[in-house]
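Proteins come first, then strands; the chains are lettered A, B, ... in the order of their sequence lines, and each starts at number 1.
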Amino acid sequence: MSLDTVQSAQTTPDRIQPFAELGLKPEEYARIREILGRRPTSSELAMYSVMWSEHCSYKSSKVHLRQFGEKAPHSDALLVGIGENAGVVDVGQGYAVTFKIESHNHPSFVEPYQGAATGVGGIVRDILTMGARPIAVMDPLRFGPADAPDTRRVLPGVVAGIGGYGNCLGLPNIGGEIVFDETYAGNPLVNALCIGVMRHEQIKLAKASGAGNLVVLFGARTGGDGIGGVSVLASETFGADGPAKRPSVQVGDPFAEKVLIECSLEIFAEDLVVGIQDLGGAGLSCATSELASAGTGGMLVALDDVPLRDPSLSPEEILMSESQERMCAIVEPSKIARFLEICQKWDVTATVIGEVTDGNRLVITWHGEVIVEVPPRTVAHEGPVYNRPLAKPAYVDRVAREILELPLPSDSEALKEAIYKLISSPNMADKSWVTSQYDKYVQGNTIQSQPEDSGMIRIDEQTHLGVAVSTDANASWSYLNPYEGAKLALAEAARNIATAGARPLAVTNCLNFGSPEDPGVMWQFAETVRGLADGCLEMGLPVTGGNVSFYNQTGEVAILPTPIIGVLGVIQDVRARTPMSHSAGDLEIYLLGKTEQDFAGSEWAYLHHQRGGVAPTSDLKKEMRLIELLLEGQEIFEAAHDVSQGGVAVTMCEMVLRNKIGATINLVDDAAVALFSETPGRVIVVVDPRNSERLVELAKKFEIELTELGRTGGALLRINEIEIPLAELDLAYTSTFPRLFG
Amino acid sequence: MTELTGPTNTTKVVVDVMLKPEILDPQGQAVSAALPRLGFNFASSVRQGKRFEIEVEGEVTVEKLAEITKAAETLLANPVIETFVVKVEN
Amino acid sequence: MTELTGPTNTTKVVVDVMLKPEILDPQGQAVSAALPRLGFNFASSVRQGKRFEIEVEGEVTVEKLAEITKAAETLLANPVIETFVVKVEN
Amino acid sequence: MKVGVVTFPGSLDDRDAARAVRAVGIEAVALWHGDADLHGVDAVILPGGFSYGDYLRCGAISRFAPVMTTIMARAKEGMPLLGICNGFQILCESHLLPGALTRNHELHFLCRDQKLRIENNTSAWTSAFDAGQEIVIPLKNGEGSYQCDDATLESLEGEGQVVARYVGADPNGSRNLIAGITNAKRNIVGLMPHPEHAIDSLTGPTADGLPFFTSILTQMVGA
Ligand SMILES: Nc1ncnc2c1ncn2[C@@H]1O[C@H](COP(=O)(O)OP(=O)(O)O)[C@@H](O)[C@H]1O
Ligand SMILES: [Mg+2]
């Protein structure tokens, strides 16, 4: 086919264009024609279609996500908020930290290894783009039933992919989650979080300003991979044969990304860029239009100067390609020589493909002919916005009326059996089969990683300043009540930071849902965003960025609403952190917070195939008092561990197994409730007996219930009359994953 | 199962798995870039794939070959990104 | 350097690299163990190696082949643990 | 006194190795793979990582780097040389040490706190240990299974060239549980686990890795 230029678009207004195949609705196509005052060229159509896809334009979620800005609490720490590649927060001493979470769900189902690997690659580039050195990654994951054959295909591949890419980049993996549920069969969730650090003055933004400045593409050559990836995979129900004539799965090259990181950091250190953007979803279409849109003028790009891996690519394909490991920078002409020199040192291909112009158009040429001439904002920021219909699904009220019928054992044998059942269940069991495939030591600054409540990284070797991050979601609670589910996940993530002694500062999130075209799913989504925005306002934590993943569903069945909430906190001296477990005997164990009968959405209920009842209600005022208590009392805590999935039973098991030092605890009330209920807002703390009075004072001051549970020591976990030898418990805890996946 | 099978009455079937041409091949690229640095200039491109040597008991019948092909496409290769060829070595 | 070379006047040379028989091949063993779990019972043993497909400009002369063999033994294979075979595909 | 730490494209633990060197009071000098000059260093560390992505075979491409030519020549004259993880792989690919490192027998990357026994405390990098001393330091690699032919194994064992051995569950299928070896002169050591990640129990499992670096300090001060 001959080249479709702007000129030919003007002379052939009636040419039939494959907008529907590219995922555009008739109204959307009409709007493009209206914006341009003519039909789009095929290259323009390609650009609009990928940029107006759900994945890139947030067209279904935008109206809801606005709340994060509207309800944002005042925060002195926020340096860069929503809208950039990642948010940036001030952590003191001149340091700025950026963090963000993103999904790579669909590709990871098709090709688990490469899907997960390129997911890590993408989020790391987002962090790098802010001017930061990436310092750690985390990976919240969801899979179908642990014993399903397909999970045996997907999980090991995903884990190897995350490890394969992250390890090769030299990024310690400091946390994540692994949860199994039927609804994720066919829809695994692979979310990846990255944290980066820089000095305040090094923050970079994605904008193309200054006419005459050069547009430089650097990193990997552009190939035919991932074309249609965003539009096909993310916009339409998965599985249909899309228009992609090229494979939509990309293969990652972590080595190329590693040198790209080092090369970029050297370029940043010499202050050689005016603006920078990574190439992720929608590739060059996204990078050029976003840079130009955020800048002061227009941009002129010679697309035929883009270095190709596959010379047969058409201009449309080059614009849509999602080839990995590429970046786009805006460089002043006086600095280009040095810029290219650094690229050469690292053996990174770099090519000037255009320049910033005075005008207000993004113009793209192909061998001298104009194939794109658009107002960049209309591509990048003025995509369609939908106020999709939403309706509370019928199940919500139905399941709320369900009375849970769960065995609540009272005799010792049955209780012991229940503890074993819980601790060896795939959701609760030891995850080191997975985490031992991740490097947690590289860079030499890891203070905490799995299985601690949060990951913690030292960012200054002299002052011992550090940051902690935790990601959490309880999809069962979100299913029962998405509004409360979001708040509870936020509270849990914040609590998991505070147990270590870090002060929560900022929030990121990845909202994984079914199809937005289903009003029930849309209601779940809206309730989740409302809950998270309200929760953040109440807790004074700004949302700094995030990601939305829709269409996680098979046929009519959507995944459980799964908002993964990441909270970042700061700790002044990492040497003073509180670990999750005691490292000595004869210390006193206490429970902070009150235990109610909270079995709805609990692990105990899940093990009995029940997902009904009323989810707990959050009390964020109280959560904040609990956090303040943990921070104020930090020096007296020998250990602090959040009580969440699996209740006090699992929390205690994890604590005694961490350092293989047992405990004796006495439960006065109904033991089954005390052990297995999942009332939020609870933490188990360990103190030296000399400090117990201080603890009592703190509990009184912050109005948190305090219950003495027992003492540390010995080779048993003893609960009332139940005696569990640690070696036996350890075996039950650690053999599940090797049995399933080894 | 032993690793070294006796040569008697087994046949060697080879499955070659290569990344599809349009898929990025970082390994092949690394080799391609290293060769000229070592003074070898013969290659205009290098791609790296996998080779499986399978010892098959007895005759390789048409049915067996079909089974091997099935195994290649389910286990040895991922057809989303790879192609494969099954060959019987004499 | 492009990855996809035009088909014209290049020749494909293949270098197959396999672990020596006495060296443990965990990958081959893993495939060997996985096959019967998927219901495939044809293999008495599997070994996994690497295949390099090299596009060579023009004729493959005896000199060029010698050079490729040299590259195979210095770079593509590690003679301490591996053996290799160089073949010209028609 | 100066110890050089080489950065190849894809090196990851270079900064950690330099930190460990500084921790015992030695000046660390960054060496670049493309620069054959050793800048006056007295010893060299080849750090861990995935040089050149480890795409072909670990260490196979790095061994041809310009800096390696000088390092190989100097090491043959007796300069202390330590290869950690990827560095060990490079030493084997360079034939400065015998054998090869292959895929872990369970085919996974494995990161864990590993118990080792120091079998030889006469090498340049292990003299600060007691013979038979047991230590715990991180092990993290995908291709750490030490393989060699029977004759090489016999000679390594016979000549006392096994520097460290894994204790407890076999992590990767290495012959005779070998974690590290040295050459006949005892100046070159290749080690799969990472002593540079065990210099401080705040960031590592122990500080058991420090003696590798104090060994070289005494070696050089004594010399
Ligand atoms: N759930 C969310 N919460 C807050 N911000 C979000 C959310 N989803 C997307 N965003 C923000 O919208 C912007 C665009 O996101 P995205 O297109 O995914 O960025 P990128 O292409 O750089 O990955 C980013 O600033 C991102 O942080
Ligand atoms: Mg981005």
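Within the model, atoms CD of B/Gln48 and CG of C/Leu76 stand 8.5 Å from one another, a figure rounded to the nearest 0.5 Å. Rounded to the nearest 0.5 Å, atoms OG1 (B/Thr61) and CZ (C/Phe42) are 11.5 Å apart.
Both the backbone and the side chain of B/Ile54 have a heavy atom closer than 4.5 Å to some heavy atom of chain C. Of the atoms belonging to C/Ile68, heavy atoms from both backbone and side chain fall under 4.5 Å from chain B.
For the set B/Val56, B/Val15, B/Asp16, the entry with the most heavy-atom pairs within less than 4.5 Å of chain C is B/Asp16. Note on B/Lys64, B/Arg51, B/Glu67, B/Glu53: by heavy-atom pairs under 4.5 Å with chain C, the leading option is B/Arg51.
Environment of NZ in C/Lys20: crowded, with over 12 heavy atoms of neighbouring residues, nucleotides or ligands closer than 6.0 Å.
Between the side chain of B/Ser44 and the backbone N or O of C/Glu55 there is at least one donor-acceptor pair closer than 3.5 Å.
With a 4.5 Å cut-off on side-chain heavy atoms, B/Phe40 and C/Thr74 count as touching.
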